[in-house]
Novice: 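My questions will all concern the structure given below.
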Amino acid sequence: MYSKLQYISQGETIEKQLYNIHQALDAGCNWLQMRFKNQTQKDAFTLAEAVKPLCEKYTANFIVNDDLHLTKEIDADGIHLGLTDTKIDEARTFLGPSKVIGGTANTFEDIENHVKNGCDYIGLGPFRFTNTKEKLSPILGLSGYFDILQKLKKNKIEIPVYAIGGITLRDVNPLMETGIHGIAVSGIITESDEKEKLIQQLNEKLYANIIV
Ligand SMILES: Cc1ncc(COP(=O)(O)OP(=O)(O)O)c(N)n1
Ligand SMILES: Cc1ncsc1CCOP(=O)(O)O
Ligand SMILES: [Mg+2]
């Protein structure tokens, strides 16, 4: 089963990224998306080369944001692609069946298309405004998730959906009630002074109804 908590990395330098990633893994994250925007290919590769063994050490899934060639070159576990990034079907052809491919969605139709094109999970958002990303799609709010998840159920479309965008601890219960699989967060973990405690609290809520 896909982990219910994804950590999306932050940091403007290789050092800051590595620090944030290491801290998040050490505090208990087991799904990492390396998001290193506006960088040279060389720096992105250098960071990915350091992140790969770290994720292996912590047995965390290593997902690369945006960069198809880097995903293949570094042999990451997968990639996350947005609505204006490489198309999901092209990525599937390029990466093969074993890599995880995630796709961003803002509407039910986005999810329908992604599923048709071989996507493995959806990042649905934004839930609310966030400073972590520029040029946000329309904010969904709780009612947006509720409507889209209801439509998925009605149309018998099954794919893990992650809520994303400005999510805090107290949003987890109401979001999970809409039928999402989990959450993808960046700011709350990066900025927390008590990461281990926060991740434990998030996981308690995310896995509350799972019987092992
Ligand atoms: C899990 C998850 N969901 C959505 C996004 C956003 O992807 P995208 O729209 O391509 O924006 P950037 O992250 O590339 O700025 C994501 N990264 N992860
Ligand atoms: C990458 C991305 N895509 C939509 S919102 C977002 C940022 C999520 O980060 P945060 O949890 O800090 O709002
Ligand atoms: Mg993108």
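Each ligand, and each atom within it, is numbered from 1 in the order the structure gives.
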Novice: Do Cys29 and Ile189 have side chains that approach each other closer than 4.5 Å (heavy atoms only, starting at C-beta)?
Specialist: yes
Novice: Over 60° means perpendicular and under 30° means parallel, so classify the ring planes of His80 and Tyr121, tilted if in between.
Specialist: tilted
Novice: Do NZ/NE/NH1/NH2 and the carboxylate oxygens of Lys52 and Glu56 come within less than 4.0 Å?
Specialist: yes
Novice: Closer than 4.0 Å to some heavy atom of Ile164 - which atoms of ligand 1 meet that?
Specialist: 2 (C), 3 (N), 4 (C), 5 (C), 16 (C), 18 (N)
Novice: When you measure from atom 17 (N) of ligand 1 to each heavy atom in Gln33, Lys133, Glu134, which option holds the nearest one?
Specialist: Gln33
Novice: Name the closest protein heavy atom to atom 9 (O) of ligand 1, giving the residue it belongs to and the distance to 0.1 Å.
Specialist: Thr104 OG1, 3.3 Å
Novice: Look at the side chain of Asn106 and the backbone N and O of Gly125, then say whether any donor-acceptor pair between them is shorter than 3.5 Å.
Specialist: yes
Novice: Output the list of atoms in ligand 1 that are nearer than 4.0 Å to some heavy atom of Asp66, sorted by atom number.
Specialist: 10 (O), 14 (O)
Novice: Give the residue and atom name of whichever protein heavy atom lies nearest to atom 5 (C) of ligand 1, and the separation in Å to one decimal.
Specialist: His80 NE2, 3.3 Å
Novice: I want to check something: taking the side chain as every heavy atom from C-beta on, are Ile63 and Met34 in contact at a cut-off of under 4.5 Å?
Specialist: no
Novice: Which protein N, O or S atoms sit under 2.8 Å from the Mg ion (ligand 3)?
Specialist: Asp66 OD1, Asp85 OD2
Novice: Hey, is Asp26 close enough to Lys195 for a salt bridge, meaning N to O under 4.0 Å?
Specialist: no
Novice: With the side chain counted from C-beta on, respond yes when Arg35 and Thr132 share a heavy-atom pair under 4.5 Å apart, and no when they do not.
Specialist: yes
Novice: Going by the atom numbers of ligand 1, which of them fall below 4.0 Å from some non-hydrogen atom of Ala184?
Specialist: 1 (C)
Novice: Run the contact test for Lys37 against ligand 1 with a 4.0 Å cut-off on heavy atoms, strictly below, and give the result.
Specialist: yes
Novice: Check whether the side chains of Asp43 and Thr46 place a donor and an acceptor atom closer than 3.5 Å, and report yes or no.
Specialist: no
Novice: When you compare the side chain of Asp77 with that of Thr71, does any pair of heavy atoms fall below 4.5 Å?
Specialist: no
Novice: Which bit of Ile8 gets closer than 4.0 Å to ligand 1, counting heavy atoms only: side chain, backbone, both or neither?
Specialist: side chain
Novice: Taking the side chain as every heavy atom from C-beta outward, state whether Trp31 and Leu5 have any atom pair closer than 4.5 Å.
Specialist: no
Novice: Is the shortest heavy-atom distance from the side chain of Leu206 to the side chain of Met176 under 4.5 Å?
Specialist: yes
Novice: At a 4.0 angstrom heavy-atom cut-off, what protein residues surround ligand 2?
Specialist: Arg35, Thr130, Thr132, Lys133, Ile164, Gly165, Gly166, Val185, Ser186, Gly187
Novice: Are Asp120 and Arg92 ion-paired here, with the side-chain N under 4.0 Å from a carboxylate O?
Specialist: yes
Novice: A side-chain contact here means heavy atoms from C-beta on lying under 4.5 Å apart; do Asn61 and Asn30 qualify?
Specialist: no
Novice: Side chains of Ile183 and Ile164: closer than 4.5 Å at any heavy-atom pair?
Specialist: no
Novice: Under the 3.5 angstrom rule, does the side chain of Asn155 hit a backbone N or O of Ile157 as a donor-acceptor pair?
Specialist: no
Novice: Just jot down the ligand 1 atoms closer than 4.0 angstrom to any heavy atom of Gln6, in number order.
Specialist: 1 (C)
Novice: Provide the number and element of each atom of ligand 1 under 4.0 Å from a heavy atom of Gly82.
Specialist: 8 (P), 9 (O), 10 (O)
Novice: Could you list the atoms of ligand 1 found under 4.0 angstrom from a heavy atom of Arg35?
Specialist: 12 (P), 13 (O), 15 (O)
Novice: At a non-hydrogen distance cut-off of under 4.0 Å, which region of Asn65 contacts ligand 1 (side chain, backbone, both, or neither)?
Specialist: side chain
